Every structure is written in C-alpha cells, then in structure tokens.
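Have a look at the structure below, then the notes.
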Amino acid sequence: MDIAVLLGEELGIRPEQVRSVMDLLADGCTIPFIARYRKEATGGLDDGQLRTLEARLDYLQRLEARKQEVAAAVEEAGALTAQLRQALAQATTLQRVEDLYKPFKKTRATRASKARDAGLGPLAAQMRAQGAPPCDPLAVAARFARAGSAFATPQEALQGAADIVAEEVANHPDATEELRGFVQRTGSIVAKGVGEEAQRDFAPYVDFSEPLRRIPGHRVLALNRGETEGKLRVTVSADEAEAVQRLERRFLRGRSPWRDVMEAAIRDGYKRLAAPALARDARSQLTAQAQADAMEVFAKNTEALLRQRPVKGARIIALDPGYRTGCKVAVLDEYGQLLAHGTVFPTPPRNQVAETKRALAQWADRFAVNTIVVGNGTASRETEEVVAQFVAEYHRPVEYTIVNEAGASVYSASEVAAREHPDLDVTTRGALSLGRRLQDPLAELVKIPPQSIGVGQYQHDMDQKQLAHTLEGVVERVVNQVGTDLNTASASLLGYIAGITPAVAANIVAYRQEKGPFTSRAQLKKVPKLGPKAFQNCAGFLRINGGKEPLDATGVHPESYGVARQVLALAGVPAAEVARGGVPGLRQRLGNMVALSRQLGVGLPTLCDIVAELEKPGRDPRDDAPAPVFSRAVLSMDDLTPGLALVGTVRNVVDFGAFVDIGVKQDGLVHISKMADGFVKHPMDVVSVGDTVTVWVEAVDKDRGRISLSMVEPR
C-alpha cells in the first residue's frame, strides 16, 4: 500500500504534497513550522489539514504494523494461507484486521475450545461440510462420544461439534463484516430507566429508542453516562430473524441430513456469540464517533476562547466572589502586574456593601483603575449587584465585565501558580488570574489544562488522553499563529511554541532572568538544550521588540532575513522603519510579486508572507475578534420578560445550541432551532465562543433557573 497515494485520495491533495509532509515530519519539523514556513513544499496546506494528515498517517502506520504482527502470529501457528495474506494486505481498517485475526486468536476457554480439546473438530468439520450422502448425525456423533468425559453420549458429542460450528460462524470475518453493517444500518439503541432517580436525571431516556444511524452524538454520550451511573439500561436491538437468515444464506448448502443441526448452530452462533459482539461494536463505534464530534466541538470552542481579543490598557480590580470567606481582590496595572490585593465582604453573611464600595473607590483612585472584573462563579450575582451600584455612584470612567472563571481554581492551586506567586494565597492567585484573563486571555489560559477551561460537553466522559492531545494541538496552533514576546512570555506560554518543550521553556526563562532580556533571536542558540532543530522550529514565532535586529520583531523567519532585506532595499525603505510600526503600502511599491519572487529566488507564498509582515510587523490576529461586553448595570431574572432584547456573549457552544451570558447569573440557552430563520446543521455554523450576539428572551423558568433565548427577532 502506497500511503502517500492513499492519503492523497482521502484528503483530496497530491501524493507529492503528502510525501513532502512525511519527509518534513521525519526531519523533526513541527506542524506550526511546516504550515507557516514550508508552504512551497506542502502546496500551502494549512495547520488543520496538516494535523489531519498527521493523524491519518499515524493510523495507517499503526495499521501496517498490526498487519505484520497478525501475519507473523498466524504464520507461527501454521495457518497463514495465501488467501488470508491477501485479505490482510487489502484491509483498510484496524477493525478488519482484527476480524481476520479473530478465528486464530488465543482466548480463554470456551465451549467450542473444550469441544476441540476433546477431539470433536473432525465431527464439526463434517457438520459444516453438510455432506449429501444419507446419514444419521447422531450415529456419526456416536463415534466421537467418550465415556467419562463431558461428551459421553452422542447427543453431547453432537452438541459439542455444534458449539464449534457456532463459534466459527460468529468469528467468520466476512460474515462479521456483513452483519456489522446490517446492524448499524437497521438496528436501534434502546434505553430503559432504572430506579426513581432515572426519571429525575435522565427523563428523556427512561423509555427511549432511536435508530443507530440517526442518533446524534450528545444523546449517545448521555446514554453512556446514564448507564455508567446505573440509572439506565442500554441495549442494541436488531432484527434477529433477518440476521440469522443472512448467516444461513452464507453457510447452509441445500438439503442435507445436517441441516437441522446446522440451523441450530447458526442461530446459537448469532444469538449467543455474534449478537452481543455486534452490539458492543455498534456502541463502541457510536461512542467513538460521538467522542470525536464532541472533541471537535470542544476544540473549536477552546480555539475561539483563546482567540478572544486582549483588552489593552485596562487597569483592573479583579474580584473572585465568595460568601463566607468574602471576595478576594487583586488590583493589576495594564501589564498584569499585581499592585495590591485584599478581601471585601459584600455578600451574605456579612453584607458589608458600604465598606466594599469604599474599598473599591480607594483602590480605583489610588491606582487609576478603569475596569472591574467579576468572576462568574459562586456569589457572582450578589457581587455584581454591588459592583454595578458602585459604578453608578462612583462618577468616574469605570466599567465592569463578567469573566468566566472555569479552571481558575485549577490554576491557583497549581505548581505553575505557586512558582509565579509563591507569596500569595490560593484565592488571591485566582483573582489575579481572572484579571489577566481579560487583559490577555491566551497568555493566561495556557496555564490551565485545556480540558479544565469548561467550553465543551460531556468532557469527563471522553478518552482523557485523546482529549488532552486534541486540545493541546489547538492551544499550540493558536499560540503559534499569534506569536509571543520572547522577553515577557511565561514558561507556560513558551512551552506551546513550536519546537520548545516545557524543559526548554524553563531554560529560556532562567536564561532571561540570569542574562537579562534577549536582544536578538540568535541568542536563543545559547539556551541550554535548545538545539539547531528547535531553533529552526521556534524562532519565527518569538518576537523581540526594541532589539538589535528590527526583523526580530516580525514573523519573518531568520532564514529569510536576507530576502526581507532585499525587499526593503528594492522599495527604498531602511530596515529601521519596520521597528517604527511597519511599512504600509509596501506591496504596492514592489509591483509584480510573481516576477519579484523569480528575481529573488524565493517561493511566492513565502514572499507574500514576508511582505505582509513587513507591512504590519507582529500583527495580532486576535484584534479581529469581538470586544468583551462591558456593563454599567445589572439584570436579574425578575427583569426578564418574553420579547426583551439583550446583547450577550456566547460562553459555550454545544451540539444542541449555545449558552449566552446576558448579565444574569444563569446563562441562557439558544436552542439550535432558534438560531436562524432557516435550517442550521450545527450551532458552530452560526456562532463561536466569545461572539457578541443580540438575543430575545423566549421564556424564563425561575424554579429551575433556566432561560430560553432566541436569536430570531420576534415578528
């Protein structure tokens, strides 16, 4: 199998592109580096395409390795035929390889294996052959009966042979493949409630049935959770009679004295062995697809969250709300440095509202604060009310906003937080993190395991290793697309830069602390354990502002500095102009880019990227994202009436809709059916996390704390 050809057909690209990527990966190049700086070699494949290619390449390589393992194991048993070897060679999935191996796999003792050990294999072969000469199966079986054994009578010997046939029928790879497709096309997943709690926690599923081919992923994951908690009994239902008939058409050979025992063995093989295995396969496939879909949703939400626009120039009072222990306060300058911290008690049981307002005013006056941040967790509603009153009474240009605090407690108790702020208690670190999330969401959120950010669905029901791998890929992509300042980035942020491991990131920070700020990218080569390949991968994504080399402040890779200088010379622009904000209109000055790429001996995509960087060096793509929604007043559920129009921020997107923060403690749900006038295939086709949207209140359920919203204006 030519993997490059196969992947090219799958992904709709040329085999040459695949081979180039395979060579680059084998050479130690990272996906972000390849996507950004090797466009000519890959034909312009983007980060997403490259990651898909890498994942499929890994799968196909594992597939080939497994084929070799299976062939060797079967050959060692003396059972490898030319037909099986060809079938293995043609297999395109790991499941097909395992189907082919199943008849030869050593398993625990079964009814069939015990019958084989008793010498009933030849009797089973006669039964399976269904010979035409008249005979009495029991009379034939009598020759295999052994006194004192489990097969002492003809009937017991015949049953033992039937058990062998039943297992062979159930394990036959082609029959298994046919029945698997049949069950998945025509079967249903069925659930029944178990106990009173099922009605409370899984009401939609207490008496539930849906075709396997149509059930959406979020319902699969809900059923799995209900089953895990012992509140649902979940089964797969398929047409047993039709399945048995399919097996009979495959294994029965006309009229034969063995027909009755063969029919019984086939029915037994299906009902006792094949059906449970097929049900497990069906559910396993559903779960795998549901998890893959959920991970994709989680990944897109995480990416949107990381791409939120930084709020520049914000001097912040950050409040991490609480009841008994009060609200922890962190005051930050516009660079995220801690200026002061403390505790206020605006909420029950103390209700020190006036004292809280005085403290806020003192901090705001002393540190020229212009923004207040409130976490959206416990006691957020009561804290927000006090903050809104303060903003209205303070008569200064101060706004407030609500920040999602998911994962803040994980960060504040982490080793990363302890290293960064060893003198602060855990709760103050949490408040500090909330403030920094507004100033630079990406720089702060990379300190938290991405699965703790809380923008997915059923995240705890997924394969945690695969989820972590998927989300770390998302963080890596965003960090490298944005780039970072080499002299200010934390070790957490540097650890996501292409080619930099956590250990090397720590070495960079240590080098910076010992030697002072980096003045050139070339200094990176002096960092311990940062070798030539790591430098190649990371250099273009690390910026140095005010250094010796103006091009170090851009996304131009050091390997292309010569071309960049030639471009500037042809345009009559000194390199110093790059450090003063770039060279607007540079492309127009250069004329025909195709001719210029030939003149300079550089690929057109690379030349275009270089020119774009010189025009706007270090441009932050997050500047295109919606700005956060700031408030000067607060709503309660009592203020909500059907038809009321509000502006909110999308906090989470799931398969069935989107949750929107409208300034009330509880986020409202926009169901997928209320997102547009026409059909919406998936909510992500309409909104992303962080989007600012206009919604209309549909209904309010105060008892259950639920708010139904619509993005379709009432008529």
Side-chain angles (χ1 to χ4, degrees), residues 31 47-48 51-52 54-56 58-59 62 93-95 184 189 191 201-202 204-205 208 210 212-234 236 279-306 404-411 414 445-478 496 650-659 667 669 672 681-685 687-689:
I31 294 294
D47 188 282
R51 290 183 189 277
T52 299
E54 183 183 39
R56 284 294 294 152
D58 175 68
Y59 180 89
R62 286 188 290 112
T93 66
L94 284 168
Q95 187 172 60
Q184 292 172 350
I189 190 164
D201 299 335
F202 295 94
Y205 304 105
F208 174 86
E210 188 163 5
L212 293 170
R213 69 181 186 278
R214 289 209 301 261
I215 186 168
H218 66 274
R219 287 208 277 273
V220 172
L221 297 176
L223 290 170
N224 290 353
R225 179 178 291 181
E227 185 177 48
T228 300
E229 294 180 6
K231 297 170 186 175
L232 295 176
R233 185 177 295 111
V234 184
V236 170
R280 287 192 298 270
D281 284 351
R283 292 198 59 193
S284 177
Q285 183 169 326
L286 282 177
T287 298
Q289 186 59 54
Q291 289 197 357
D293 292 344
M295 286 182 196
E296 184 178 0
V297 169
F298 207 146
K300 289 180 179 178
N301 282 342
T302 300
E303 181 164 355
L305 188 63
L306 295 173
N404 189 339
E405 64 180 44
S409 60
V410 175
Y411 161 74
S414 69
L445 290 173
V446 293
K447 302 174 185 177
I448 303 166
Q451 56 268 44
S452 299
I453 294 176
V455 287
Q457 56 184 355
Y458 295 102
Q459 64 200 67
H460 301 298
D461 301 312
M462 298 182 211
D463 181 318
Q464 294 302 299
K465 184 178 179 181
Q466 180 61 36
L467 177 62
H469 176 74
T470 299
L471 296 183
E472 283 168 5
V474 169
V475 180
E476 182 185 47
R477 174 166 64 248
V478 176
Y496 282 105
V650 177
R651 294 296 185 197
N652 196 9
V653 183
V654 293
D655 286 341
F656 51 85
F659 291 94
D667 290 345
L669 172 64
I672 187 171
K681 185 176 181 181
H682 194 279
M684 284 190 169
D685 296 335
V687 294
S688 298
V689 168

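The structure displayed is predicted, hence computed values, not measured ones. When a residue number appears, it is its place in the shown sequence, counting from 1.
Every residue two or more places apart in sequence or in another chain that forms a salt bridge (Lys or Arg N to Asp or Glu O under 4.0 Å) with E476 is listed here: R51. A search for salt bridge (Lys or Arg N to Asp or Glu O under 4.0 Å) contacts involving D655 returns nothing, not counting sequence neighbours. Under the ring-ring contact (aromatic ring centres under 6.0 Å, His included) criterion, Y496 pairs with no residue, sequence neighbours left out.
Between Q184 and L212, the shortest heavy-atom distance links the atoms O-CB, 3.9 Å. Across every non-hydrogen atom of S688 and A304, the tightest pair is CB-CB, 4.0 Å. Here the closest non-hydrogen pair linking F659 and D667 is CB-CB, 4.2 Å. For M462 against L467, the heavy-atom pair with the smallest separation is SD-CD1, 4.0 Å.
Side-chain N or O atoms of E54 include none that pairs as donor or acceptor with a backbone N or O of I31 at under 3.5 Å. Panel note: side chain N301, backbone N652; no donor-acceptor pair is recorded below 3.5 Å. Side-chain N or O atoms of S414 include one that pairs as donor or acceptor with a backbone N or O of Y411 at under 3.5 Å.
The shortest distance between side-chain heavy atoms of F208 and V234 does not fall below 4.5 Å. By the 4.5 Å heavy-atom criterion applied to side chains, Q291 and D463 are counted as neighbours. Contact of the P216 side chain with the E210 side chain is registered, since non-hydrogen atoms from C-beta on lie closer than 4.5 Å. Within the 4.5 Å cutoff, the side chain of R477 has heavy atoms near those of the V474 side chain. For the pair L223/I215, a side-chain contact is recorded, criterion being any heavy-atom separation below 4.5 Å from C-beta on. Between R283 and E227 there is a side-chain heavy-atom pair separated by less than 4.5 Å.
To the nearest 0.5 Å, atom CG of residue L305 and atom CZ of residue F298 are 10.0 Å apart. Atom CG of residue L471 and atom CD of residue Q466 lie 9.5 Å apart, to the nearest 0.5 angstrom. Rounding to the nearest 0.5 angstrom, the gap separating the CG atom in L232 from the OH atom in Y205 is 9.0 Å. With rounding to the nearest 0.5 angstrom, the NZ atom of K681 is 10.5 Å from the CD1 atom of I672. Of the inter-residue distances, the one linking T302 atom OG1 with M295 atom CE reads 12.0 Å to the nearest 0.5 angstrom.
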Stepwise side chain to side chain contact (heavy atoms under 4.5 Å, CB included) check, I189 with R219: CA-CA 11 Å; I189 190 164; R219 287 208 277 273; over 6 Å; no
Test salt bridge (charged side-chain N to carboxylate O under 4.0 Å, His left out) applied to K231 and D201, step by step: CA-CA 8 Å; K231 297 170 186 175; D201 299 335; 2.7 Å; yes
Evaluation steps, side-chain hydrogen bond (donor to acceptor under 3.5 Å, both in side chains), between D293 and Q289: CA-CA 6 Å; D293 292 344; Q289 186 59 54; 2.8 Å; yes
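More than 12 heavy atoms of other residues, nucleotides or ligands shown are found within 6.0 angstrom of CZ on R62.
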